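Nothing here was measured: the structure is a model prediction, and the numbers come from that model. Labels below follow one simple rule: chain letters A, B, ... track the order of the sequence lines, proteins then strands, and each chain is numbered from 1.
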Protein chains: 2
Amino acid sequence: MKRKITLKQIARELDVSISTVSKALRNSSEISEDTREKVQAFAKLYNYRPNNIALSLKNRKTKTIGIIIPEIVHHFFSKVISGIELVANKKGYNVIVGLSNESFDKEVINMEMLANGSIDGFILSIAKETLLQQDYHHFNETISQGMPIVMFDRIVNDIKCDKVIVDDVKGAKKAVAKLIENGCKQIAIITTKDYVSVGRLRTQGYLEALEDHKIHPKASLILKVDDKLVSEDYLDVLENEIEQLFKQNKKLDGVFAVNELYAITAMKVARKFGKHIPNDVQVIGFTDGVLSKHATPSLTTVSQHGQKIGEKAAELLIHKLEHEEEEERFQTVIIETDLIERDSTK
Amino acid sequence: MKRKITLKQIARELDVSISTVSKALRNSSEISEDTREKVQAFAKLYNYRPNNIALSLKNRKTKTIGIIIPEIVHHFFSKVISGIELVANKKGYNVIVGLSNESFDKEVINMEMLANGSIDGFILSIAKETLLQQDYHHFNETISQGMPIVMFDRIVNDIKCDKVIVDDVKGAKKAVAKLIENGCKQIAIITTKDYVSVGRLRTQGYLEALEDHKIHPKASLILKVDDKLVSEDYLDVLENEIEQLFKQNKKLDGVFAVNELYAITAMKVARKFGKHIPNDVQVIGFTDGVLSKHATPSLTTVSQHGQKIGEKAAELLIHKLEHEEEEERFQTVIIETDLIERDSTK
DNA sequence: TTGTATGCGTTATCAA
DNA sequence: TTGATAACGCATACAA
């Protein structure tokens, strides 16, 4: 078991100085062709590669990006990572992943671990607990220490960083408009509590669409699910709440759900009540996950383009990292959504 | 924008030496209580944290684990990562992710990037292309340079490393036995080409189960899908092949699929042929993804416990990293599967 | 053309 | 009780 070879060892073997080896390997014209070839041959033979850690220390750059997300077992987030990884790798960056599990403490700890030199910048989506507590000191501290952040999807406005979001309002509006055009009269929304920004915005889009079509919103049609805690019986609770929704609104004929799971569950409940989809009830979800594609009937959804969000976030971050000289200006990039029509709508 | 503070700066500010600061912060009894307090107070005020990179260089340990997987947008793999991250974090390790996208070249490049000092060891699942080419030099080189590897799921036997696998044969056997016990007479298997080890093993389990029950295997019931290339029309091709399967076997009444997608698609095709599930055709899949849980009817599957696989892999790797003195012995841990019965079987 | 010295941030050893 | 020095692996300004 031979350890990785270093400049020092090569220098000793060839009886030259370390700097000669270093220069020879970087093809410096300072070094004679003779020694250059000798050194390079030797290095190749022993498969020399410069040590990343040493380079990081020297350059004060790690060429790695830290990602903090609430969970990874989630189609949207893994898509985003995939997008980040794609452009990061293309530009010679690595990607290090930390999971907050929706917990404030884990988010803070993870960020602190990575911020101590391990990475050059963050791409992150905020944990629900953090949004609830509204404690954002860790973001501000990281930024004030000169480490840029790019937030995506679950963001907070008054933090000085680039942001990549989906046009939640517009996407929701398009979806609900579609339902209205398709003839739905009683359209429910299944959304999250308001502290989750995306839930709040999508609800706003829902309301705007109704208003545009002169439909008066009905409180009983708005279901705000509390998914703070993802517990064992979470699914049952969800199903139960949706059942109440259907019971309270006998003439319900359209459902807009702010995520895939809510949408799937709504379809399930509708079937339970003997409703046919899409003839009796039409359903539209948000997110382009696997569930939607392979559900029966397949689900019409507002596609978020997670991959593209990741790519854009990585581009923004890397640009910041490599153009520190530019004056500080932060942008919020909006990734357009698409309505993907499938079989849960007419 | 203040940079992160270093020992040197603290030393200068307090007019002491760097080593005094270092010792004071680590509560060394060499240092007088007076200076200790002074230094610690100052450090706290400026939120001093030792630089990870410098520590890594000094200790020749990065305390980070490299993960290389074929893709991340995949329930199984993200579960595994989640498991790895869980135990890694608990033991003070970080996790850095590289995606091979099933490509040999990307696998090699990614490993080389990380192996140059960025990480202490690998946890990986082999890309399909690598399995096809049977070129494993990069694994052997990494290992011979003293960097341990733990492989999971898609492994190769004759590499000197720990492995974590699922009892594919047994899991498949259990599933097929279940179908037989439930009265199926004509049981098909939808599997991958043999170069994918898990496909081969699950096929073996299928055959063994048949043999156990004195059923003669029929070639026309064995469909080996070639999923080397995940192209745009991949789904159509898959559906088409499965349709052929049903056409060639009119009395088909049981399907065992080696993954979730195959299983879902089989159900879809069965419905297309007017078959009721589970009355006419019973289906069992492999993998405990979201699709299975939320499909209609929900799918009976062999659960792989991806999270547990990740946890075990991380434990094995970290043990190797922290007990280098132990004699080299490699183990292959088998994680038991469970048959989760849902509505696609009687 | 080659080598020496310095620094990146830290810790450990040894000297004062 | 404190501080100077070396080392981790590399790159580079400067000296020879």
Over 60° means perpendicular and under 30° means parallel, so tell me whether B/His74 and B/Phe76 are parallel, tilted or perpendicular.
perpendicular

N/O-N/O pairs, protein side and nucleotides 14-16 of chain C side, under 3.5 Å:
none

Just by distance, no angles: are the side chains of [X] and [Y] close enough, under 3.5 Å, to form a donor-acceptor pair?
X	Y	answer
A/Asn51	A/Lys4	no
B/His138	B/Glu112	no
A/Ser100	A/Ser103	no

Output the single nucleotide from C/dT4, C/dA12, C/dT10 whose closest atom is nearest the side chain of B/Ser19.
C/dA12

Of all the choices, C/dC8, C/dG3, C/dT10, which nucleotide is nearest to the side chain of A/Val16 once you look at every atom?
C/dG3

N or O in side chain of [X] less than 4.0 angstrom from [N] OP1/OP2:
X	N	result
A/Thr20	C/dT2	no
A/Arg60	C/dG9	yes
A/Lys58	C/dG9	no

Which whole-number value in Å describes the distance from [X] [atom1] to [N] [atom2]?
X	N	atom1	atom2	result
B/Ile5	C/dC8	CD1	P	14 Å
B/Leu25	C/dA12	CG	C1'	15 Å
B/Asn52	C/dG9	CG	P	13 Å
B/Lys63	C/dT10	NZ	P	18 Å
B/Ile18	C/dG9	CD1	P	10 Å
A/Asp15	C/dT1	CG	P	20 Å
A/Arg36	C/dT1	CZ	P	8 Å
A/Lys8	C/dT4	NZ	P	14 Å

So [X], base contact, sugar-phosphate only, or nothing? Heavy-atom distance under 4.0 Å.
X	result
A/Leu7	sugar-phosphate
A/Thr6	sugar-phosphate
A/Ser56	nothing

Lys/Arg N to Asp/Glu carboxylate O, [X] vs [Y], below 4.0 Å:
X	Y	value
B/Lys90	B/Glu85	no
A/Glu102	A/Arg154	yes
A/Lys308	A/Glu311	no
A/Asp120	A/Lys63	no

Out of curiosity, B/Phe139 CZ to B/Phe122 CZ, how far, rounded to the nearest 0.5 Å?
9.5 Å

Heavy-atom closest pair, residues A/Lys160 and A/Phe330:
O-CZ, 3.5 Å

Reading DNA chain D from 5' to 3', where do the contacts with chain A start and stop? Cut-off is 4.0 Å to heavy atoms.
D/dC8 to D/dC14

Quick check: on DNA chain D, is the nucleotide nearest A/Ile53 upstream (toward 5') of the one nearest B/Ser29, or the reverse? Name the residue that is more 5'.
B/Ser29

